[in-house]
Trainee: 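This is the structure I want to talk about, given as structure tokens.
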Amino acid sequence: MKWAGAITAMLALPSSFTPLMAEAVKVADRLPIIWLHMAECTGCSESLLRSANPSIDSLIFDYISLEYHETLMAAAGWQAEENLEQAMHKYKGRYILMVEGGIPTGDQEYFLTIGAHGHSGKESAVKASENAAAIFAIGTCSAFGGVQAAAPNPTNAVSLSSVTHKPVINVPGCPPSEKNIVGTLLHYLMYGTLPALDVYNRPKWAYRLRIHDLCERRGHFDAGEFVEQFGDAGAKDGYCLYKVGCKGPYTFNNCSKQKFNQGTSWPVQAGHGCIGCSEPDFWDVMGPFEEPLGDALYQTVFGGLGADATADKIGIALLTATAVGIAAHAALAAVKPPKE
Amino acid sequence: MSKRIVVDPITRIEGHLRAEVIVGDDGIVEDAFVSSTLWRGLEVIAKGRDPRDVPLIMQRICGVCTYSHYLKSTMAVEDALGIKIPYNAELVRTLMNASLFLHDHVIHFYHLHGVDWIDIVSALDADVEKASKLAFKYSDNPINTGENDLKKVKETVAKFANGPQGMGPFANAYWGHETYKLTPEQNLIGLAHYLKALEMQRMIAQMMAIFGGKNPHPQV
């Protein structure tokens, strides 16, 4: 099981855990999973399909029992609904619930219905969460509301944790990398318990560090070498993208280390700044995505502090010094995102 | 008397879809209604925002055909503002669109649409040797259909199908229905390709990630 070592390292466990990891996933029954789609784009499901270590086919056939997943399951209509009912009954208290997508609520609850009887998305999410062994909110939509919850939030979409009283592990990202989704699952498979979490209930092994901290362009930031506009000489030399809007300094995720698509690349490597997609309300507070937050920093929902106040205060001091130097360039956006 | 048949959720698509069909006594469809049962209002959300942010928002319409909405909404913004893009940008866009085209076809053909005509249970009755030879009828260079490959596929799926936990995503489907027209051997070839295609799509997605940073939802 050659991927066991890589996963053990990613979860920040000592290498002596590698054989244990391999053993744990072999011994266990296939872990029953119910995956629900709410107000979503299926991007998180697609991201799951990109899993290489372990591969998605070995996941499906060897490690998990994917009881309900609308994008992959062969059954449709009432047969699909029956599968969901049976899985919730048969694996009561033992299944993992993974939810993708935000959840319309209030007067707008019926902007999403599922099944012949027209139950709302909220109803099915709440019902499935009642007897789950663990609940993972996959993607920023289900973790924090996501794109449909951006101002003016026409469907009153909210996160999964706002509709259930059960503890929810958030695995945000738009979409989260395949490693973060599968890593969260394997962590549970191995320990049978929930991982250490940060203030936004994100697993610390993945969301502990800022993108900025391990960014491959960090040296250029420290040296004051910035891309001034896309396509300039600095862009060709791989300079720091802060001035063209990179939100890496405010975003907690492991993209700069684990990257996407089996480590092929990540947005900053491809030459576009981070848009902060694993942070709450990033569509409203991180935009415009191609301008630095600059003075806008203190207007964010985090009060400019992010998830790790102490470390970020230092970061802000640094950024403020930088911001003074670049104030001339950090022109205010012509169009501000609408306020609620 | 006419009968109303509701299929909801329609699975193996992106999003939420419901179909209602009215069938007469003679088995002939009298009327049909299709509705998409989710509305998110991305058009409303886009209003009043920085135009550069809008393509990123519109990309979230679909994570399966991820790049197409990004590309078209970028072009819409450029059209509105009269922006001409450089030749290099055109090249990168074409390459990314081509990788999406390739990727989406594989996913759609095998993983979304495939099980509508590949009977997985029937594949377990296939003669491996016959199926392996048959594959040459369809292609000079068949993939993942050597005798050993097919044997492995059959073993994996048989173990899965006969195990105590059932068939997971393939449970309670329409296996054995008369509208599945393929022979067991043809089904086994299809099943072998279904599995191989899971690996291929991962590689194709890497192509988009080279230019776009990640897939789904590239960001350039």
Side-chain angles (χ1 to χ4, degrees), chain A residues 29-30 37 39 41-47 49-50 52 55-57 60-61 65-67 69-77 79-80 82-83 111-116 147-148 150 152 154-155 174-175 260-262 264-267 269-272 275 283 287-290 333 335 337-338, chain B residues 6-16 37-42 44-45 47-53 56-57 60-64 66 107 111-112 115 120 156-157 160 165-166 168-174 195 198-199 201-202 205-206 209-220:
Chain A
D29 274 352
R30 284 191 284 128
H37 289 77
C41 76
T42 314
C44 300
S45 298
E46 283 278 337
S47 191
L49 286 183
R50 306 295 181 268
S55 70
I56 179 66
D57 46 314
I60 293 179
F61 287 101
S65 185
L66 198 54
E67 297 292 325
H69 188 300
E70 283 170 23
T71 319
L72 290 172
M73 66 195 302
Q79 286 93 343
E82 192 178 58
N83 281 2
F111 277 127
L112 166 64
T113 67
I114 304 165
V147 64
Q148 49 277 321
T155 57
C174 195
F260 290 83
N261 302 92
Q262 298 154 263
T264 303
S265 186
W266 64 298
Q269 183 178 334
H272 190 286
I275 61 172
W283 292 105
F289 296 121
E290 291 174 5
V335 191
Chain B
V6 181
V7 185
D8 181 5
I10 290 187
T11 52
R12 285 174 282 113
I13 54 161
E14 188 289 312
H16 299 270
T37 59
L38 165 67
W39 183 76
R40 291 186 288 163
L42 298 188
V44 182
I45 291 163
K47 264 190 197 165
R49 279 180 195 262
D50 187 309
R52 293 168 297 182
D53 290 1
L56 284 164
I57 292 174
R60 269 67 187 181
I61 290 173
C62 178
V64 180
T66 163
I107 284 270
H111 307 121
L112 302 187
V115 283
I120 291 175
T156 307
V157 179
F160 179 75
Q165 282 185 289
F170 308 114
N172 206 11
Y174 315 101
L195 296 178
L198 281 171
E199 187 186 323
Q201 59 89 20
R202 194 162 62 224
Q206 284 182 299
I210 290 170
F211 303 108
K214 61 190 175 99
N215 168 288
H217 295 334
Q219 188 174 314
V220 278

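Proteins come first, then strands; the chains are lettered A, B, ... in the order of their sequence lines, and each starts at number 1. The figures that follow rest on heavy atoms only: side chains count, while hydrogens, waters and symmetry mates do not.
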Trainee: Chain A: which of Pro216(B), Gly168(B), Ala209(B) shares the most heavy-atom pairs with it under 4.5 Å?
Mentor: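 Most heavy-atom pairs under 4.5 Å with chain A: Pro216(B).
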Trainee: Select, from Ala173(B), Ala205(B), Pro9(B), the one with the greatest count of heavy-atom pairs under 4.5 Å involving chain A.
Mentor: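 Highest number of pairs under 4.5 Å: Pro9(B).
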Trainee: Residues in salt bridge (charged side-chain N to carboxylate O under 4.0 Å, His left out) with Glu82(A), at least two apart?
Mentor: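 Salt bridge (charged side-chain N to carboxylate O under 4.0 Å, His left out) check on Glu82(A) returns nothing, list empty.
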Trainee: Are side-chain heavy atoms of Leu112(A) and Thr155(A) found at a separation under 4.5 Å?
Mentor: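 Of all side-chain heavy-atom pairs linking Thr155(A) with Leu112(A), none is under 4.5 Å.
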Trainee: Pick one of side chain, backbone, both or neither for Ile107(B), based on which atoms fall under 4.5 Å of a heavy atom in chain A.
Mentor: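 Contact with chain A involves the side chain of Ile107(B) alone.
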Trainee: Could you have a look at Gly271(A), Ser65(A), Ala76(A) and say which one has the most heavy-atom pairs with chain B under 4.5 angstrom?
Mentor: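 Most pairs with chain B among the choices: Ala76(A).
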Trainee: Measure Gln269(A) against the heavy atoms of chain B and call it side chain, backbone, both or neither at under 4.5 Å.
Mentor: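 For Gln269(A), there is no contact with chain B at all, as no heavy atom is under 4.5 Å.
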Trainee: Atom CZ in Arg40(B), atom CZ in Arg60(B): separation rounded to 0.5 Å?
Mentor: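 One finds 10.5 Å between CZ of Arg40(B) and CZ of Arg60(B).
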Trainee: Quick one: pull up CD1 in Ile275(A) and CG in Asp53(B) and give me the separation to the nearest 0.5 Å.
Mentor: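 It is 8.5 Å, given to the nearest 0.5 Å.
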Trainee: So Asp50(B) and Phe289(A), do their side chains get closer than 4.5 Å, heavy atoms only?
Mentor: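 Phe289(A) vs Asp50(B): side chains apart.
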Trainee: With a 4.5 angstrom heavy-atom cut-off, which part of His69(A) approaches chain B: side chain, backbone, both or neither?
Mentor: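 Contact with chain B is absent: no heavy atom of His69(A) under 4.5 Å.
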Trainee: If you measure from CD on Gln148(A) to CH2 on Trp39(B), what distance do you get to the nearest 0.5 Å?
Mentor: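 Gln148(A) atom CD to Trp39(B) atom CH2 measures 11.0 Å (nearest 0.5 Å).
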Trainee: With only heavy atoms counted, which part of Phe160(B) is less than 4.5 Å from chain A, the side chain, the backbone, both or neither?
Mentor: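 Interface part for Phe160(B): both.
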Trainee: Any heavy-atom pair between the side chains of Phe260(A) and Ser47(A) that's under 4.5 Å?
Mentor: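 Contact flag for Ser47(A)/Phe260(A) side chains = no.
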Trainee: Looking just at side-chain N and O atoms, do Gln262(A) and Thr264(A) make a donor-acceptor pair shorter than 3.5 Å?
Mentor: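 Note: Gln262(A) and Thr264(A) side chains miss the donor-acceptor criterion.
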Trainee: Can you tell me which portion of Ile13(B) sits under 4.5 Å from chain A's heavy atoms? Options are side chain, backbone, both or neither.
Mentor: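 It is the backbone, since no side chain atom gets that close.
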Trainee: Under the rule for salt bridge (charged side-chain N to carboxylate O under 4.0 Å, His left out), what residues qualify as partners of Glu46(A), not counting sequence neighbours?
Mentor: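 By the salt bridge (charged side-chain N to carboxylate O under 4.0 Å, His left out) rule, Glu46(A) matches Arg50(A).
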Trainee: Please classify the contact between Leu42(B) and chain A as side chain, backbone, both or neither, with a heavy-atom cut-off of under 4.5 Å.
Mentor: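 Just the side chain, heavy atoms under 4.5 Å.
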Trainee: Does any heavy atom of chain A fall under 4.5 Å from the side chain of Val7(B), the backbone, both, or neither of them?
Mentor: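 Answer is both: backbone and side chain atoms of Val7(B) are under 4.5 Å from chain A.
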Trainee: Looking only at heavy atoms and a cut-off of under 4.5 Å, which of Leu112(B), Asn172(B), Ile57(B), Ile210(B) has the most pairs with chain A?
Mentor: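 Maximum pair count with chain A is reached by Asn172(B).
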Trainee: Under 4.5 Å, counting heavy-atom pairs only, tell me which of Ile120(B), Val44(B), Val157(B), Leu56(B) racks up the most with chain A.
Mentor: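 Of Ile120(B), Val44(B), Val157(B), Leu56(B), Leu56(B) has the most heavy-atom pairs under 4.5 Å with chain A.
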Trainee: Asn215(B), Thr66(B), Ile10(B), Leu198(B): which one forms the most heavy-atom pairs within less than 4.5 Å of chain A?
Mentor: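 Ranked by heavy-atom pairs under 4.5 Å with chain A, first place is Asn215(B).
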Trainee: Please tell me if the side chains of Glu199(B) and Ser55(A) come closer than 4.5 Å, counting only heavy atoms from C-beta onward.
Mentor: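 Sidechains of Ser55(A) and Glu199(B): no contact.
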Trainee: Report the option among Leu195(B), Val64(B), Val6(B) that has the most heavy-atom pairs separated by less than 4.5 Å from atoms of chain A.
Mentor: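 Most heavy-atom pairs within the cutoff with chain A belong to Val64(B).
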Trainee: Mind ranking Gly115(A), Gly43(A), Ala150(A) by heavy-atom pairs under 4.5 Å with chain B and telling me who comes out on top?
Mentor: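 Maximum pair count with chain B is reached by Gly115(A).
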Trainee: Rounded to the nearest 0.5 Å, what separates atom CG in Leu38(B) from atom CD in Glu14(B)?
Mentor: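 Reported to 0.5 Å precision, the distance equals 8.5 Å.
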Trainee: Between Ser45(A), Ala270(A), Ala116(A), who has the most heavy-atom pairs with chain B when the cutoff is under 4.5 Å?
Mentor: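 Among Ser45(A), Ala270(A), Ala116(A), the one with the most close pairs to chain B is Ala116(A).
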Trainee: If I measure from the heavy atoms of chain B, does Cys44(A) come under 4.5 Å with its side chain, its backbone, both, or neither?
Mentor: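 Nothing of Cys44(A), per the 4.5 Å heavy-atom cut-off to chain B.
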